[in-house]
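Since the structure comes first, as structure tokens, the remarks are kept for the end.
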Amino acid sequence: MNKPLAYSYVRMSTDNQLKGDSLRRQTERSRQYAAENNLELVEDFKLEDIGVSAFKGDNISSGALGKFLEAIKEGKIPKGSYLLVESFDRLSRQKLHASVTLFFDITSNGVNLVTLSDNQIYKAGEAEFGQLIMSIVVMARANEESEMKSQRLSAAWDAKRKAVNEKKLTRLCPAWLELSEDRKSFRIIDERARVVRQIFEESATGLGSFIITRRLNDQGVFAFGRSTGWVQSYVTKILQARAVLGEFQPHTKQNGKRTPLGNPIPNYYPQIIDEDLFLRAQFARRKRRIEGGGRKGAALRNLFTHIAKCGYCGSPMHFLNKGSGPRGGTYLKCRRALQGLNCVATAWRYPDFERSFFSFVKEIDLAEILKASSKKSEILMLDERAVALTEKKVELEAIRERIFSLINTAVSVDFLSGKLMQCESDLVAITQQIADVDNQRKCIREQKSISPNELQFLIDELQQMEGPDAFSQRSMLASKLREIVIDLKLEVEGTRPLQVRYSTLLNVDGVDAEERNRILTHIEKSNQNFQRYNRTFNVTLADGVRRRIVLKNDNPTDIITEVLIDKYGVVTGVDQRRRMPMILPTSSH
């Protein structure tokens, strides 16, 4: 006759218990009980919740005990089997109702429950009244103990929070700080703080963690701590740390995971980064996650990575470097054409496109970006402020979503309502500040003017830059482009691909061949006369303005047509040959 099966359930709420005798003790008791009572202990059934708390029922909702309960209800555990536990508090430390429900979920489904600490057996469906009373008392006591422990821990942290100005909560602190001997304050390590500011400044200009890490190592900047060099993960960790703003977030361990305990404590650490710079760095990092990074050469050669697209098929324009020599140079070419697929294979010389773009897209203020960073102009500071406010708005919107997610929980409705009202009020204020900054920027830009010669001088300066300064300033410029350019399409051969479409449309039955050729010849002659096959680009900016530029092929700064369409659809600009607004072709959009 087969022996009844026995399953040993082991739970420990902390990893420290694993280092001690708890696991061995619980496992040995189960083996001993099974041997003494002629049971077959199922050794290969892993029924353990290590580092999992029973106070909030995590061992049931997502742990091994919950999976065992499902197996019982699905009939996968034979009736008459035994569940061996050290004591009731290993099963549950929840409120009494939840604990009693768990007890009956086990015994009413044909499984006997054994508590090894007192050798009590609760028979499936046959538990005696006295046993039930005793089990309820034990479960209630386990919950009370956990409640008391939780309250004491919370009270201890509250007391520490109130005394933060008298004594710091822990000796641990960020690597750019050190604790005073009396533990009342932190001192800034100036050299390290300067490195942290450099990391944030470079991130805000659009550089990713990998490039920042490489630059720190190339510059011979000493890494913090015992490391022999900078690593990308640590740079990323610094960029995520709100400790640079002076905040300290206490944590606790739940289910073996480090989780926040309460709200962050402001002004706990000395602040080494202003909030605007922190927010601009987060804005740049978020955009990089969405758009991708792209390779960065020694001088960040391609400013239009992830921005420029083919005007015919919509594929990215690939940056080509053909080296030096008469046939060398750098170019932009449709990626689809590079792959040998059906699209225009003509390339656009990169320096020419860069010159054309900055000559006619006046919203990019080269004069301000190329200025020394030590002396920022009013317009550049307003641009940075606008980015910081935008990122702050994103943060507030995320907080609002988290508040909404708590509505159906046990959190007080009055508390949530107050938090939500404060968040909504902050959002209204931030939105108004963004509008005010936008108006200030618009007014300043309308008052400023620059001559064509001055603009070309700045473009020359941009294209001739070399070394670290070139990298930093071109990075800043690339970041600015990602902020304001919504869409950029290049038509390397103008409207020439439309000619193929016309030919296809006319190549149908019923159209006389001679008439067809006459029409196509007329269209071809008209297009050539009005230079519609010339290089063209279309750019749409964040303010809704769309610009179409048709260039003379022999001069990247000389145009045939410049047409602007504002967000309301109003067209301005004149065809230089016909002196009339140019109708935009539909092939590109």
- Task: Please name the pair of heavy atoms, one in T213 and one in W230, separated by the smallest distance, quoted to 0.1 Å.
- Result: CG2-O, 3.4 Å
- Heavy-atom side-chain contact between C334 and H318 under 4.5 Å: no
- Query: How far does OG1 of T390 sit from CG of D438, to the nearest 0.5 angstrom?
  - Reply: 7.5 Å
- Query: Which distance, rounded to the nearest 0.5 Å, do you find between the CD of E397 and the NZ of K393?
  - Reply: 5.5 Å
- List the steps, then state whether side chain to side chain contact (heavy atoms under 4.5 Å, CB included) holds for L332 with N302. CA-CA 9 Å; L332 292 174; N302 184 11; 4.3 Å; yes
- Item | Euclidean distance, L382 CG relative to N439 CG, rounded to 0.5 Å | 11.0 Å
- Query: Do E202 and R215 come within less than 4.5 Å of each other through their side chains, counting heavy atoms only?
  - Reply: yes
- Query: Does the side chain of V570 reach to within under 4.5 Å of the side chain of I565, using non-hydrogen atoms?
  - Reply: no
Using a 3.5 Å cut-off and no angle test, enumerate the donor-acceptor pairs between side-chain atoms of residues 423-436 and protein atoms at least two apart in sequence or in another chain.
residue	atom	partner	partner atom	Å
E424	OE1	R400	NH1	3.4
E424	OE2	R400	NH1	3.4
D426	OD1	Q422	NE2	2.9
D426	OD2	Q422	NE2	3.4
T431	OG1	L427	O	2.8
Q432	NE2	D436	OD1	2.9
Q433	OE1	R385	NH2	3.4

- State, yes or no, whether a side-chain contact exists between F357 and L303 at a heavy-atom distance under 4.5 Å. no
- Rounded to the nearest 0.5 Å, how far apart are OG of S185 and CD of E178? 10.0 Å
- Item | Minimal non-hydrogen separation, R336 against C313, with atom names | CD-SG, 3.7 Å
- Message: Between F537 and F360 (judged by ring centroids, cut-off 6.0 Å), do the two rings come close enough to count as a pair?
- Response: no
- Item | Test side chain to side chain donor-acceptor pair (under 3.5 Å) applied to Q282 - qualifying residues, sequence neighbours left out | R285
- Message: Run I188 and L177 through side chain to side chain contact (heavy atoms under 4.5 Å, CB included) and show every step you take.
- Response: CA-CA 5 Å; I188 297 173; L177 302 174; 3.8 Å; yes
- Message: So, taking the atom named CD1 in I189 and the one named SG in C173, what distance separates them when rounded to the nearest 0.5 Å?
- Response: 7.5 Å
- Looking only at heavy atoms, which two atoms of A284 and A204 are closest? And how far apart? CB-O, 4.1 Å
- Approximate separation, where rounding is to 0.5 Å, of N267 CG and E247 CD: 9.0 Å
- Task: Just do the side chain to side chain contact (heavy atoms under 4.5 Å, CB included) check on I549 and S356 with the steps written out, would you?
- Result: CA-CA 9 Å; I549 306 291; S356 298; over 6 Å; no
- Item | Contact check, side chains of F200 and I238, non-hydrogen atoms, under 4.5 Å | yes
- Are V244 and W176 side-chain neighbours, meaning at least one heavy-atom pair lies under 4.5 Å? yes
- Message: Is the distance between the ring centroids of F319 and F304 under 6.0 Å?
- Response: no
- Message: When you compare the side chain of L216 with that of I199, does any pair of heavy atoms fall below 4.5 Å?
- Response: yes
- Query: Taking C-beta and beyond as the side chain, do F404 and L420 meet within less than 4.5 Å on heavy atoms?
  - Reply: yes
- Please collect all salt bridge (Lys or Arg N to Asp or Glu O under 4.0 Å) contacts where either partner lies in residues 304-321, sequence neighbours excluded, each pair once. none
- Item | Over all atoms of both residues, closest heavy-atom pair of L279 and E391 | O-CG, 3.3 Å
- Minimal heavy-atom distance between G225 and R192, with the atoms involved, is N-NH2, 3.4 Å
- Candidate pair F353 and Y331, rule side chain to side chain contact (heavy atoms under 4.5 Å, CB included), full reasoning: CA-CA 9 Å; F353 175 71; Y331 299 83; over 6 Å; no
- Message: Which heavy atom of R197 sits nearest to which heavy atom of I272, and what is that distance?
- Response: NE-O, 3.0 Å
- Query: Got a salt bridge between R547 and E562, using NZ or NE/NH1/NH2 to carboxylate O under 4.0 Å?
  - Reply: yes
